[in-house]
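Please read the structure below before turning to the comments.
Everything numeric here is computed off the predicted structure, so don't read it as measured data. Lettering of chains follows the sequences in order, A, B, ..., and the numbering in each one begins at 1.
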Protein chains: 2
Amino acid sequence: MAETVLSSGLEDYLECIFNNIEKNGSVKAIEISKELGVSRASVTDALHRLAEKQYINYERYGKIEITKKGTEKAKEVIDKHVILTNFFETILNLNHEEASENACRIEHVITKNAFKNLKEFTQQHK
Amino acid sequence: MAETVLSSGLEDYLECIFNNIEKNGSVKAIEISKELGVSRASVTDALHRLAEKQYINYERYGKIEITKKGTEKAKEVIDKHVILTNFFETILNLNHEEASENACRIEHVITKNAFKNLKEFTQQHK
DNA sequence: TATGGTTGTTAGTCGTATCTAACATTTATA
DNA sequence: TATAAATGTTAGATACGACTAACAACCATA
């Protein structure tokens, strides 16, 4: 139980779930499917894996709910996403879309320290 | 044939192969295995996949040779690795090891533009 | 040159992540 | 409320990338 490491892929699903619940109060698998550009079947798989690791509560045909653990994780990922996007926009002068694209790729792999220093650097040079 | 996209994993193998050939004139599977921390069997698998995509020439029990295509790709990856390591060391003040670790993770996912701008930025601020 | 140690390969397994096609359930509406 | 459309699930396939265990080939040396 209680895995501490989440693959890039699952982090993306979790991020999407969190954002949709924040915005609309709920999420549907088909929304995740469309936003992430994957099949409905892949979403079902991912929901199983996330539920198994207790990042969400989920039952067959049931409502998708995010747990406390899931919320914390999602916020972490989103925090990284925002800071990284900001870095690529303001420091490296990329347009928002490409900045976000790079953030999305890097947020899953950058180390804690590197992110911390990048965050400080960005704050000091804005 | 002739795949243009190479997975992170295979890029690591190719980088390792190139570096060893540069340094010693040849590579052995067991060296790759030790440097990348994977089993000898995984190396054999990777060699098959790299050969299939024509980044290396390779035959059962034979010498591992890197092709022109492989050399170009390896140089690209290594260029990214060096610049990124430099960025994390000089701009974000990480020690060499952690800088290199982050470079290794990010070199496979950063976009062309983002890398170009990061390279220029690093050059201007050293 | 026979033999043992080193290195390389194969076969089989596992987990992740994706897909399509077929089927099940839910929801909306005629 | 019956039916159709939308949504969700399952089963089965594929690919990647890793592993162990067993076997094959190579090479050094006694």
Which protein N or O atoms sit under 3.5 Å from an N or O of nucleotides 2-5 of chain C?
none

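- Out of C:dC19, C:dT10, D:dT10, the shortest distance to the side chain of B:T44 is found at C:dT10.
- Shown here are the salt bridge (charged side-chain N to carboxylate O under 4.0 Å, His left out) partners of B:E11, two or more places apart in sequence or in another chain: B:K73.
- Of the side-chain N and O atoms in A:S42, none sit less than 4.0 angstrom from OP1 or OP2 of C:dA17.
- A ring pair (Phe, Tyr, Trp, His ring centres under 6.0 Å) check over residues 12-49 of chain A, counting only residues at least two apart or in different chains, returns the pairs A:H48-A:Y58.
- At whole-Å resolution of the value, NE2 in B:H48 and C1' in D:dC16 are 15 Å apart.
- Put simply, the side chain of A:N102 gets close to the backbone of B:T111: a donor and an acceptor are under 3.5 Å apart.
- Sorted pairs that involve residues 31-49 of chain B and meet salt bridge (charged side-chain N to carboxylate O under 4.0 Å, His left out), not counting sequence neighbours, are lacking altogether.
- The salt bridge (charged side-chain N to carboxylate O under 4.0 Å, His left out) pairs that include a residue from residues 84-110 of chain B are B:E101-B:R105, where partners are two or more places apart or lie in different chains.
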- Mark up nucleotides 22-27 of chain C, 5' to 3', with B wherever a protein heavy atom is under 4.0 angstrom from a base atom, S wherever such an atom reaches only the sugar-phosphate, and - elsewhere. --BS--
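- The pair A:E76-A:K80 does not count as a salt bridge, with every side-chain nitrogen at least 4.0 angstrom from each carboxylate oxygen.
- Between the CD atom of B:E11 and the P atom of D:dC16 there is a distance of 15 Å, given to the nearest Å.
- Regarding B:I64, its CD1 atom lies at a distance of 15 Å from the C1' atom of D:dC26, rounded to whole Å.
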